[in-house]
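Reminder, nothing fancy here: chain letters follow the sequence lines and each chain counts from 1.
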Amino acid sequence: MAGGGGGGRAIRVLNVAEKPSVAKTVSGILSRNQGLRMREGRSRYNKVFEFNYTIQGQPCQMLFTSVTGHLMEIEFEGRYRKWHACDPVDLFQAPIQKHVPEDKLDIRKTLEEEARKCQWLVLWLDCDREGENIAFEVVEVCSNVNSRLNIWRARFSSLIEREIHQAAQQLVRPNQLFSDAVDVRQEIDLRIGASFTRFQTMLLKDAFVFNFSTDGRNLVLSYGPCQFPTLGFVVERYWEIQAHEPEEFWKIQCSHTTDEGTATFNWIRGHLFDYTCAVLLYEMCVQEPVATVTKVRQQERLKYPPHPLNTIELEKRASRYFRMSSEQTMKIAEDLYQSGFISYPRTETDSFSARTDLHILVQEQQEHPVWGPYAQRLLDPSSGLWRNPSGGGHDDKAHPPIHPTKFSPGQSGWSEDHRKLYELVVRHYLACVSQPAVGAETTVEIDIAGEMFSALGRTIVARNYLEVYRFDSWGGSLIPNYTFGQQFTPTSLTLDSGTTRPPPLLSEADLLDCMDKGEALVMGYDDMGYELWKPYLRSMMEEDMKAVSVGNKRKAEVLATCLQQMKACFLDARLNKVKLFQALEIFFDRTNRTGGDEQHNIGELVRRCDVCEDSDLVLRKKPCRNAIWLPGSISEAAVTTTVCNVCTPGPIFKIQFTFRRLEIPPDFSVHHLGCVGGCDDIMRELMEISASAHRNFSSVPARGRGTTASSRNNSPNNQPQSTCSFCHQTGHSSSDCYSLTSQSRSAQSQGGNSHNGDSLIPCSTCGSPCLLKTANTENNRGRKFYSCQTQGCKFFVCWEDSVPTTTTSRRGDRGRGGGANGSDVRFVSATGDPVSGRSCFICGDPSHFANVCPNRGIRN
DNA sequence: GCAAGGTC
């Protein structure tokens, strides 16, 4: 810095921190608690500290006070503040003023009084963009009463002695560009938020009956350019879950145990959605169960430690390892920062600058009873454990990655969360400067009756960073040694079922609270075809803000473009307001409809559902998010007027079910008047049978396969049928009924394969020629079928004598939860219909399928 | 009666 001249008379320096605690801590450090005095300021929380200090040889009488975050707010001028006094679209260019709000006036007064006495102003605001903006707010207030102030900025990333003294001795000028970026953000947020909020509130609040509490305040349907896209995430995920139809799949699992360990072999085909196919292939494996090793590959693998820690990673990891919310994490991190134990916790940076002394930070941790010995080894060059950390490529140019700044074996005042978070920061740091873990991996592939399986074994050769980073694990699994060509009989060979699952619901509690109105609004804007509710808008703005902060774009230019786009969007939304009405109508009652209508809960008929073509699409008061999964063996279900006299709370109307004969055990009736309230044992049993359609031939010697049924499988239901929450019909979910608005689902069909005589047919999944193989199963011995042999291909397969001219894929390649990709595999007849008339492969009885065979699991 | 970002 340009020094203040040396040695002469003391000058008075006003120092301002972002919050009272920082003013106190920094004053304590700079004064070394020698001659430190504290007096009241005008505001209750913001005290004034006084002490003497020398900056670059210049004696200074330091006055140290604080603000509490932003000192100023922006607001529309005059009449634009009144909701009905202007058109909301005017808010895109209405004049704006920055002012100190009522509750901050006494802080301003303190600043003014102190600034009048001083020659210098030193800004100790947090070193991020918001902090820089607050710095300029302080400058404005202080300069107004003292235009001769020499204005300086202290840059610091942690509240530790070394760094604070360094910041005081190396003052710089405040950065106008950082502050400009925040001005842009504030103005855009206000204009977009206020215009859309007023527009949608005035449009909708009197037109609908909103059934949520407003705590006595006026109802406001707020639109926040930050909050709304986040809500959009939750809603979008919710729609995905609604649209998900659980589907049962089948896979062959094989394991082999010897004295050396157990190898679990996974089927290279993954899993199949067609039961018949899976059973056929499984049967072939069971009848010729000898496995031949076709490949053994050994490889060294490295598992690298994480990058240095930034805020997002800290939040993610604290959530994953400790189930700590981001709010709690940041609160604790802020605490640890303020007491000097860790560096500034709000940073985007995930690489250390070359200037950082990484060894000093490790030295400090050597005394720790738990990880101290690791730190010592890390510093011992002969251990070879040290590694310069690799960066993640982000740098906010303001702060280093989050790292420990002071050693602590655990403070007495710390909560469990403080201890955990400090430990995470320390262990993460130590991990970053450590060598990666080294593993030896063995991949073994085997062939059983033409089907390929593979198993992975891993031994960890050197744990390295994993020794200190207890949060990461790298499972080792010792498998037996195999040699190429070796043959063995598997210990178990099972046909397992599973069900695809929807993705989990995003659970930001506060967002879930406003799901109702939020979902309706998101749906409305989505129907207009806008991405107003997507995070894209916000991230574009973030990019622009960054450009402003580094001087690549000018403040005025970014403001103009962004507001122009948003204004166009706003005008368009207003033209399409009917879409908002339509969406809201799905969730809420119109106010112009009188109550007391008994038909209300059922809803008014809109039209026939074009997905199931069987039920009515009705306008419901509110969609129900609850569903009861019924067994897939149900072919028909109708609600009766019979009320269950056992289950509560009643009334629960019984349902007349019709089951598919082949999919329930022979001793069950196909007709059943059932209750879904929990009292119905028959329903429960049928659901369990669906769930345990799984056979386990543990140990399959070539002869005499005597086994018992396994109950090990806990996989979910057998193709549960969804119940539409709008029309209450089974067979489609409410998302299908959403096709009324936007989400239309179309069955996808795949192109046909023509078959001429004896030429091989191409696989409908990967296109390679399918091999003609001979079935070797009890029921189909000698019958020929086509099978794709491409590794891992979920192949098309069909009987030689029924090659179809056209095949239909089950919902094609739509992505689904649970990793299933929906590739289809099924036997089809020449007409493309599924082959019927097959019989149980266990007992040969054509009256049922093997999944409900009374003899399942028993073979002779 | 609007937003989001500071902080108490």
Side-chain angles (χ1 to χ4, degrees), chain A residues 16-24 41 43-47 65-77 79-92 94 96 98 100-101 103-104 106-107 123-138 178-179 181-206 210 214-231 311 327 330-331 333-335 337-338 344-346 510 521 532 535 537-538 541-542 545 559 562-563 566 570:
Chain A
V16 183
E18 189 158 324
K19 43 185 167 270
S21 60
V22 172
K24 187 178 178 188
S43 94
R44 206 171 127 209
Y45 303 108
N46 307 81
K47 315 287 182 195
T65 188
S66 53
V67 288
T68 44
H70 276 286
L71 186 59
M72 298 179 168
E73 275 177 17
I74 55 168
E75 204 180 24
F76 293 110
E77 276 180 18
R79 70 182 182 96
Y80 295 98
R81 262 176 259 166
K82 292 212 159 54
W83 278 47
H84 292 277
C86 73
D87 184 329
V89 77
D90 296 343
L91 299 178
F92 283 95
I96 280 175
K98 206 170 200 180
V100 179
D103 62 336
K104 299 281 173 79
D106 44 8
I107 298 181
L123 302 153
W124 290 84
L125 287 306
D126 289 359
C127 291
D128 48 24
R129 290 204 290 249
E130 293 297 332
E132 211 65 23
N133 191 268
I134 301 171
F136 278 88
E137 295 174 354
V138 172
F178 267 42
S179 174
V182 173
D183 283 343
V184 172
R185 181 203 51 76
Q186 288 181 335
E187 188 172 334
I188 291 175
D189 284 346
L190 177 65
R191 292 189 190 278
I192 297 177
S195 56
F196 275 92
T197 301
R198 286 189 198 178
F199 157 66
Q200 66 189 24
T201 302
M202 294 194 285
L203 178 73
L204 304 166
K205 84 165 202 181
D206 293 324
F210 292 103
T214 54
D215 293 335
R217 288 188 300 268
N218 258 345
L219 172 79
V220 173
L221 297 170
S222 51
Y223 178 97
C226 183
Q227 163 247 104
F228 205 63
T230 320
L231 176 66
T311 307
E327 203 186 340
M330 290 317 289
K331 196 174 148 275
E334 177 72 29
D335 241 29
Y337 159 69
Q338 287 201 26
Y344 190 65
R346 282 189 287 274
D510 47 339
L521 290 167
L532 275 175
L537 197 76
R538 188 72 190 179
M541 227 175 86
E542 292 287 340
M545 273 183 57
L559 261 175
C562 184
L563 289 173
M566 284 311 296
F570 176 88

**Study point:** Side chains of Tyr344(A) and Asp126(A), donor plus acceptor under 3.5 Å
**Key:**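 Yes, Asp126(A) and Tyr344(A) have a side-chain donor paired with an acceptor closer than 3.5 Å.
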Check your understanding: Could you state the interatomic distance from CD1 (Ile134(A)) to CG (Asp128(A)), rounded to the nearest 0.5 Å?
Key ->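 Reported to 0.5 Å precision, the distance equals 7.5 Å.
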Review point. With respect to Ile107(A), which candidate in Leu71(A), Val138(A), Val16(A), Val100(A) satisfies the side-chain contact (heavy atoms from CB on, under 4.5 Å) definition?
Key: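 Passing option: Leu71(A).
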Review point. Going through the distances and angles, do Glu130(A) and Arg346(A) end up as a salt bridge (Lys or Arg N to Asp or Glu O under 4.0 Å)?
Key: CA-CA 11 Å; Glu130(A) 293 297 332; Arg346(A) 282 189 287 274; over 6 Å; no
Review point. What is the nucleic acid contact for Lys205(A), judged by heavy atoms within less than 4.0 Å: base, sugar-phosphate only, or nothing?
Key: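 Base, at least one base heavy atom under 4.0 Å.
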Point to revise | Per-nucleotide protein contact string for nucleotides 2-7 of chain B (B base, S sugar-phosphate only, - none; heavy atom under 4.0 Å) | key: BBBBBS
Point to revise | With sequence neighbours excluded, residues passing side chain to side chain donor-acceptor pair (under 3.5 Å) with Asn46(A) | key: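 Here the qualifying residues are Ser43(A), Ser66(A).
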